[in-house]
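Structure record follows, encoded as structure tokens.
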Amino acid sequence: ASFGGRDAVIDAADLDRALQVSNYDAFVLVQSVTIRGGRTSGDGGGVLAFGDVVFLMSSLVANTATGDGGAIAAVGPRADVTLLNATVSGSVAAGAGGGVAAIGDPDMTVDVYSATISRNRADRGGGIHVAGGTARLENSIIALNHGGGGGLSDCDGEGAGLFSFGGNLFSSRCPALRLRPRDLVSRRPGVRPLARNGGPVPTHGLTRSSPAVDAAKQGLCYRFDGRGAPRRLGGRCDIGAYERVTCGGLLVNLIGSKH
């Protein structure tokens, strides 16, 4: 199944979880959708996934869970979650994984490619938490997320399930993560607040001095960013869901959008 479209929004208005994929054999594509305002007394404030879910050029914003996974919780042996050119922002979990949590089964996977996970909060692993299964990160920003003590806590895990494929930017150290030489760690990320920067969903823009600019693994860049902007317009590919594009020295945000 798939759903989405320009300016599509699933707003749970803090009444319930926004989306649940209960069928272990399901495949769901969420494209160009904003998922916001989900709230649950369990896991997965925005989305609870037992099957396969791909978030393409979508944003999950301001979701809350009293358990794990403020925005997304992947649960069970058949759960496979992919974030591609996606944004996870402003979500909160009382447990672990303010942005994303992979919970409880060694066969599940979470893939994070050219995504931005920023300004989320949890007791453990403000950005992403892995407690079973595997999370693979590539060309993504995991930054400015906070843990229970108030300090930066971008990711954590139990066991050896958190892997980098390179080209990632972190604002803090992730003790459980196996880093690659192209990763940037404990840097000021230069990530702007969430805003309408053109395209179908809100994104985190980059400052001119952000270390993410032109720093992605170039051979693995996707053609478009999270707004639908051709990444070639920015020169070398940037890390994260947003490609910083300028024209005559001026920042360009009105790309394929009325915003």
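Positions are given from 1 along the sequence. All heavy atoms count here, side chains included; hydrogens, waters and symmetry mates do not. Note that the coordinates shown come from a computational prediction; the quantities given were computed from them, not determined experimentally.
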Looking only at heavy atoms, the pair that brings S32 and S58 closest together is N-OG, 3.1 Å
Do Y113 and F27 sit in one hydrophobic cluster, given that two such residues count as connected whenever their side-chain heavy atoms are within less than 4.5 Å of each other, even indirectly?
yes
According to a 4.5 Å side-chain heavy-atom criterion applied to Ile, Leu, Val, Met, Phe, Trp and Tyr, with indirect links allowed, do I128 and L169 form part of one hydrophobic cluster?
no
May I ask you to test the F55-V81 pair for a side-chain heavy-atom distance under 4.5 Å?
yes
Which atoms form the tightest heavy-atom contact between G42 and A65, and what is the distance?
O-CB, 3.4 Å
Report whether L194 and L60 are members of the same hydrophobic cluster (ILVMFWY, side-chain heavy atoms less than 4.5 Å apart, transitive linking).
no
Using a 3.5 Å distance criterion without hydrogens, assess whether the side chain of Q218 forms a donor-acceptor pair with backbone atoms of A216.
yes
Are side-chain N/O atoms of R231 and N85 paired as donor and acceptor at under 3.5 Å?
yes
Show your reasoning for whether side chain to side chain contact (heavy atoms under 4.5 Å, CB included) applies to V201 and V33.
CA-CA 7 Å; V201 298; V33 177; 5.7 Å; no
Between L206 and Y242, which heavy-atom pair has the shortest distance, and what is it?
N-CE2, 3.5 Å
Provide the full list of side-chain hydrogen bond (donor to acceptor under 3.5 Å, both in side chains) pairs with a residue in residues 33-56, sequence neighbours left out, each pair given once.
D11-R36, R17-T40
What are the two closest non-hydrogen atoms of V110 and A102, and how far apart are they?
CG2-CB, 3.9 Å
Could you see if F163 belongs to whatever hydrophobic cluster contains M108? Use Ile, Leu, Val, Met, Phe, Trp, Tyr and a side-chain cutoff under 4.5 Å.
no
Looking only at non-hydrogen atoms, find the nearest pair between G70 and A93 and report the distance.
N-CB, 3.6 Å
Once you round to the nearest 0.5 Å, how far does CZ of F170 lie from CG of L152?
13.0 Å
Taking only residues two or more places apart in sequence or in another chain, which ones pass ring pair (Phe, Tyr, Trp, His ring centres under 6.0 Å) with Y222?
none
Less than 3.5 Å apart, which donor and acceptor atoms pair up between the side chains of residues 141-150 and the rest of the protein, not counting sequence neighbours?
unit_1, atom_1, unit_2, atom_2, d
N145, OD1, R119, N, 3.2
N145, OD1, N120, N, 2.9
N145, OD1, N120, ND2, 3.1
N145, ND2, I117, O, 3.1
N145, ND2, A143, O, 3.3
N145, ND2, D154, OD1, 3.1
H146, ND1, L144, O, 3.4

Using 4.0 Å as the upper bound for N to carboxylate O, is an ion pair formed by R244 and D238?
no
Where R124 and D156 come nearest, the two heavy atoms and their spacing:
CB-OD2, 3.5 Å
Would you give the length of the straight line joining atom CZ of R136 to atom CZ of F165, rounded to the nearest 0.5 angstrom?
5.5 Å
Side chain to side chain contact (heavy atoms under 4.5 Å, CB included) between N23 and F50, worked out:
CA-CA 6 Å; N23 190 330; F50 292 92; over 6 Å; no
Can you find a pair of side-chain heavy atoms, one from L83 and one from D111, that are under 4.5 Å apart?
no
Strictly distance-based, threshold 3.5 Å: is any side-chain N or O of S140 a donor or acceptor partner for the main-chain N or O of V112?
yes
Distance from H129 atom NE2 to S153 atom OG, nearest 0.5 Å?
10.0 Å
I'd like to know if the side chain of N63 reaches the main chain of G38, judged simply by a donor and an acceptor atom lying under 3.5 Å from each other, with no hydrogens or angles considered.
yes
Could you give me the CA-CA distance, side-chain angles and deciding distance for Q20 and V47, then say whether side chain to side chain contact (heavy atoms under 4.5 Å, CB included) is met?
CA-CA 6 Å; Q20 180 166 326; V47 179; over 6 Å; no
Whether the side chain of R232 engages the backbone of R236 through a donor-acceptor N/O pair (distance < 3.5 Å, no angle test) should be reported.
no
Atom OG1 in T116, atom CD1 in I239: separation rounded to 0.5 Å?
9.5 Å
Rounded to the nearest 0.5 Å, how far apart are OG of S22 and CG of L48?
7.0 Å
Any donor-acceptor N or O pair under 3.5 Å, side chains T87, H204:
no
Is there a donor-acceptor pair closer than 3.5 Å between any side-chain N or O of R188 and the backbone N or O of V191?
no
Rounded distance (nearest 0.5 Å) linking atom OG of S59 with atom CD1 of I35:
9.5 Å
Keeping N139 on the side-chain end and K217 on the backbone end, is there a donor-acceptor pair under 3.5 Å?
yes
Is a donor on one side and an acceptor on the other found under 3.5 Å between the side chain of S164 and the backbone of G166?
yes
Step by step, would you call D68 with V75 a side chain to side chain contact (heavy atoms under 4.5 Å, CB included)?
CA-CA 10 Å; D68 298 334; V75 181; over 6 Å; no
Is there a path of hydrophobic side-chain contacts, each under 4.5 Å between heavy atoms, that joins I72 and V30?
yes
